[in-house]
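See below for the structure under consideration.
Chain A is the first sequence line, chain B the second, and so forth, proteins listed ahead of strands; every chain is numbered from 1. All of these numbers come straight from a predicted model, not from anything done at the bench.
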Amino acid sequence: MKRDVAALLVEALDALHVSTRQPFEIEVPREESFGDLSTPVAMGLAKVLKKPPKKIAEDIASRLKNSGILEKIEIAGPGFINFTFTKSYLYSSLEQLLRAEKSYLRENIGEGKRVLVEFVSANPTGPLHIGHARGAAVGNALCNLLEESGFRVDREYYLNDAGRQVKLLGLSVYARYQQMLGSDVTFPEDGYRGQYIDDEAAALLAETGERYKGARFDACGLDITSWTYKRMLVLIGRDLRRFGVKEFDSWVSEKEIFAKGAVTSAIDALKQKGFIYEHDHAVWFRSTAFKDDKDRVVIKRDGEYTYFASDIAYHKNKLDRGYDIIIDVWGADHHGYISRIESVMQAFGYDITKFKVILVQMVNLLKHGEPFQMSKRAGTFVTLSDMINLVGADTTKFIFLTRKADSHLDFDLDVVTATSAENPVFYVQYANARISSILANAPGQGIEAGHGTDLSQLTAPAELSLIKKLLTYPMVLENAARSFEPHRITFYLQELAGMFHTYYHNHRVIGDDPVLSRARLSLCRGVKIVLSDALGILGVSAPEKM
RNA sequence: GCGCCUGUAGCUCAGACGGAUAGAGCAACUGCCUUCUAAGCAGUGGGUCAGGGGUUCGAAUCCCUUCAGGCGCGCCA
């Protein structure tokens with residue numbers, strides 16, 4: 001739809017010998033009376049050409065070739081050019097959609113570019129919780145969206161398995177295990193205290209018996225830690241699968257990055273570029289050479305690497321793999337890291353515009369309208385697994401995706417569970433299920449959509465509006481992909497579902513007139529194709545029955 | 001103190017690179033099931049786009065400033 005208008009515009013602008021930036025600003029106007037598509041291009045050119053926008057719009061409009069797809073071209077308001085399509089264009093477009101399905105809906109804006117998306121990357125020291133879930137939902141949908149927009153996407157999970165957190169995990173399980181066997185080993189001050197630690201200790205006991213009874217942590221710590229760590233990975237993987245997140249292509253281990261000597265060599269590389277210096281017996285990265293407001297320590301006075309040092313190595317590793325775009329999805333509490341990682345990227349000579357951090361804001365979990373403070377250390381948190389049991393994976397994902405990633409989000413357990421029947425996700429899924437039901441019913445009524453369907457039977461305003469709505473879907477995907485904002489799809493889905501519910505209520509699909517019925521069935525099928533496609537990109541299921 | 005995010009209807013949030021009369025859902029109120037799924041439909045009310053200033057043909061959108069909330073500012077991870 002947009003493509004066709006854009007082609008005409010390019011021709012007209014060429015004829016006028018003016019160039020403007022691509023892609024064109026072509027939008028769906030707010031009011032239906034303004035036409036089907038609209039462009040403010042003339043207004044943008046007003047400054048450059050030093051002519052009134054309306055005059056420019058007229059010049060452009062007069063040079064637009066009408067190839068039969070446009071019913072009307074109007075200049076309106078301060079200088080918009082509004083386009084209205086002919087019915088025959090709408091019918092033939094719908095026909096193509098029905099025939100080609102998914103491939104008709106795709107714009108190849110990625111052109112095969114390789115994208116790395118790192119997301120979730122929760123510390124492997126316990127089950128995922130609701131905060132991680134938002135990152136998982138956004139990251140997963142973003143990857144799907146980019147993939148469907150012609151990018152080659154790798155999904156990656158970074159494991160912070162080298163630091164003391166994992167050791168602390170092992171120590172916590174060790175302590176509980178010994179306590180279960182009657183030893184008075186004291187629980188580590190800053191150990192993990194969740195119920196799952198007790199469960200792990202019990203499982204360890206069941207599996208190994210009293211093998212480690214009375215042993216010092218020095219002696220059995222490595223065994224227990226790696227045993228627990230592996231189980232945490234299994235747990236996290238299981239939670240992600242249950243949540244409906246597509247498999248990660250790679251799990252990168254911080255420990256392995258160290259083991260390969262990548263940290264040392266990354267810092268050496270920066271040194272050669274002159275961004276590393278020594279001061280106060282520590283080694284620093286000169287991030288102030290870029291946008292950071294202070295330099296950062298990479299090797300501490302005691303000779304240990306900082307956490308930042310391995311981040312440098314990891315991001316160099318990302319660069320070395322030759323991606324066109326690198327995306328990090330982080331919790332918003334890490335926003336202070338953006339400038340220093342950007343500095344690293346720049347220091348390595350990477351074009352900073354190709355590095356994008358998507359901040360996912362905190363989820364403010366409420367219970368009975370009261371904030372519910374979560375702490376993994378203290379063991380008071382709502383796990384993702386609990387959320388899935390309580391609220392459902394689809395609902396949880398959909399709610400996360402009805403907000404911009406960087407907006408704060410209240411997630412009230414009472415509201416979400418109590419009103420689940422009125423949840424927006426059901427509204428959308430219900431439309432899909434309704435259509436499935438109609439399509440299933442049709443053969444019994446002797447009606448079958450298929451070849452030779454006369455789509456020109458669809459003359460009701462609601463039908464034409466629905467067709468147009470379907471045809472704008474590729475624009476929604478394109479905008480969502482270009483801005484890395486999957487939530488736009490969610491809003492489109494609610495609009496489309498709403499239009500369908502209204503249509504369903506006012507028009508009987510399977511009626512006395514078989515020709516009309518066939519046409520309406522085809523329209524329904526078109527709506528279903530788009531609904532299930534968009535739900536699929538969001539990672540939400542599209543049930544046939546509800 | 002500095003930095004980042006946020007502030008739009010009673011509540012939760014959309015609002016494309018600055019464009020046309022600022023939108024949706026929920027909640028409230030009123031109607032609609034003998035017909036393909038009522039997890040639905042139709043209607044009503046609801047706004048100083050936090051306040052102030054600026055930029056221009058035009059600002060919820062950009063700039064400055066004030067206020068409010070959240071988060072971050074370690075040779076922690």
Side-chain angles (χ1 to χ4, degrees), chain A residues 21 23 25-31 33-34 38 40 43-44 46-47 52-53 76-80 82 123 125 160 162-166 168 190 279-284 293-294 296-308 331-339 359 361-362 364 399 402-404 406-412 415 419-431 433-442 444-445 447 475-476 478-480 482-483 485 487-488 490-491 494-495 497-498 500-506 508-511 517 520-521 524 545-546:
Chain A
R21 77 189 129 180
E25 297 170 77
I26 296 177
E27 58 198 31
V28 178
R30 202 172 56 224
E31 303 260 339
S33 63
F34 295 150
S38 176
M43 291 181 279
K47 274 204 182 86
F80 289 98
N82 294 340
N123 277 351
T125 53
N160 285 116
R164 61 187 281 275
Q165 295 309 320
V166 168
L168 212 48
D190 41 6
H279 175 69
D280 272 355
H281 308 288
V283 178
W284 299 70
D293 51 6
K294 58 172 108 167
R296 307 289 171 176
V297 170
V298 292
I299 301 175
K300 294 185 274 184
R301 190 184 282 222
D302 64 7
E304 292 282 314
Y305 287 105
T306 58
Y307 184 79
F308 178 50
D333 52 340
H334 289 81
H335 70 253
Y337 274 76
I338 295 178
S339 51
L359 288 182
Q361 266 295 352
M362 306 282 97
N364 189 20
I399 287 174
T402 44
R403 270 94 172 155
K404 274 187 305 210
D406 64 357
S407 72
H408 299 260
L409 163 61
D410 284 346
F411 199 95
D412 192 318
V415 171
T419 66
S420 65
E422 288 158 6
N423 197 289
V425 71
F426 293 119
Y427 185 77
V428 175
Q429 288 177 324
Y430 187 56
R434 266 186 160 169
I435 294 173
S436 304
S437 174
I438 297 169
L439 294 176
N441 253 314
Q445 309 286 316
I447 306 291
M475 295 171 66
V476 175
E478 180 180 343
N479 288 328
R482 284 192 198 282
S483 57
E485 290 179 345
H487 77 273
R488 297 187 187 190
T490 319
F491 284 87
Q494 295 183 70
E495 290 162 11
F500 177 74
H501 284 309
T502 301
Y503 174 68
Y504 171 89
H505 191 259
N506 295 328
R508 194 154 173 95
V509 176
I510 303 168
S517 297
R520 287 182 171 172
L521 268 181
C524 287
K545 282 187 180 156
M546 287 176 71

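With a cut-off of 3.5 Å on both pairing distances, B:rA9 has no Watson-Crick or G-U wobble partner at all. A 3.5 Å limit on both hydrogen-bonding distances identifies B:rC41 as the Watson-Crick or G-U partner of B:rG31. Taking a pair to require two hydrogen-bonding distances under 3.5 Å in either a Watson-Crick or a G-U wobble arrangement, B:rG3 pairs with B:rC71. The partner of B:rA22 cannot be assigned: no Watson-Crick or G-U wobble pair with both contacts below 3.5 Å exists in any strand.
Residue A:Leu439 contributes atom CG, which lies 13 Å from atom C1' of B:rU37 at whole-angstrom precision. Protein atom CZ of A:Arg482 is 12 Å distant from nucleotide atom C1' of B:rA16, rounded to whole Å. Summarising the geometry, the separation between CD1 on A:Ile26 and C1' on B:rC17 is reported as 14 Å, rounded to the nearest angstrom. To the nearest angstrom, C1' of B:rC13 lies 15 Å from CZ of A:Phe411. Spacing between atom CD of A:Glu304 and atom C1' of B:rG74 amounts to 16 Å, rounded to whole angstrom units. B:rG70 atom C1' lies 11 Å from atom CG of A:Asp410, rounded to whole Å. Taking atom CE of A:Met43 as the reference point, atom P of B:rA16 lies 15 Å away to the nearest angstrom. Distance A:Phe34 CZ to B:rA20 C1': 5 Å, rounded to the nearest Å.
Distances from the side chain of A:His408 to the nucleotides B:rU6, B:rU37, B:rG15 place B:rU6 closest. The side chain of A:Glu31 approaches B:rU21 more closely than any other nucleotide in the set B:rA16, B:rA14, B:rU21. Nearest to the side-chain atoms of A:Lys300 among the listed nucleotides B:rC76, B:rU21, B:rC36 stands B:rC76. Distance from the side chain of A:Arg434 is smallest to B:rA38 among B:rA14, B:rA38, B:rC36. If you check B:rC4, B:rA20, B:rA16 against the side chain of A:Pro78, the one that comes closest is B:rA20. Closest contact between the side chain of A:Ser437 and the listed nucleotides B:rA20, B:rG3, B:rC36 involves B:rC36. In the set B:rA39, B:rC5, B:rA38, the nucleotide with an atom closest to the side chain of A:Tyr504 is B:rA38. The side chain of A:Val28 sits closest to B:rA16 out of B:rA16, B:rC13, B:rC36. Closest to the side chain of A:Tyr427, out of B:rG40, B:rG72, B:rA20, is B:rG40. The nucleotide whose nearest atom lies closest to any side-chain atom of A:Arg488 is, among B:rG23, B:rG15, B:rG40, B:rG15.
Side-chain contact between A:Gln494 and A:Thr402 is present, with at least one heavy-atom pair separated by less than 4.5 Å. In this structure the side chain of A:Cys524 never reaches within 4.5 angstrom of the side chain of A:Tyr504, judged on heavy atoms. The closest side-chain heavy-atom distance from A:Ile399 to A:Asn423 is below 4.5 Å.
A:His281 comes within contact range of no nucleotide atom at all, as no heavy-atom separation falls under 4.0 Å. Within the nucleic acid shown, A:Phe491 comes within 4.0 Å of sugar-phosphate atoms alone, with no base atom in reach, counting heavy atoms only. Among the protein residues, A:Lys294 comes within range of the sugar-phosphate backbone only, with heavy atoms under 4.0 Å from sugar or phosphate atoms but none that close to a base. Residue A:Asn479 is classed as a base contact, given a heavy-atom separation below 4.0 Å to a base. Residue contacts for A:Ile338: at a heavy-atom cut-off of 4.0 Å it reaches no nucleic acid atom on any strand shown. Among the protein residues, A:Arg30 comes within range of the sugar-phosphate backbone only, with heavy atoms under 4.0 Å from sugar or phosphate atoms but none that close to a base. As judged by a 4.0 angstrom heavy-atom cut-off over every strand, A:His501 is placed among residues touching the sugar-phosphate backbone only. Residue contacts for A:Ala76: at a heavy-atom cut-off of 4.0 Å it reaches a base atom on one of the strands shown. In this structure, A:Ser38 reaches the bases: a heavy-atom distance under 4.0 Å links it to at least one base atom across the strands shown.
Mapped onto RNA chain B by nearest heavy atom, A:Asp293 and A:Glu485 fall at different nucleotides, with A:Asp293 at the one closer to the 5' end. Where A:Glu27 and A:Tyr307 each meet RNA chain B at their nearest nucleotide, the meeting point lying more 5' is that of A:Glu27.
B:rC62 adopts an anti glycosidic conformation, its chi angle falling more than 90° from 0. Using a 90° window around 0 for the glycosidic torsion, B:rC11 falls outside it and is classed as anti.
Of the side-chain N and O atoms in A:His487, one or more sit less than 4.0 angstrom from OP1 or OP2 of B:rG15.
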Which atoms of nucleotides 42-47 of chain B (N or O only) lie under 3.5 Å from a protein N or O atom, and what are those distances?
| residue | atom | partner | partner atom | Å |
| --- | --- | --- | --- | --- |
| B:rA42 | OP1 | A:Thr502 | OG1 | 2.9 |

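A:Tyr430 meets the side chain to side chain contact (heavy atoms under 4.5 Å, CB included) test with A:Arg434, A:His501, A:Met546; sequence neighbours excluded.
Across A:Ser38 and A:Asn82, no two heavy atoms sit closer than the pair OG-OD1, 2.8 Å. Residues A:Ala497 and A:Val428 approach most closely at CB-CA, 3.9 Å, considering heavy atoms.
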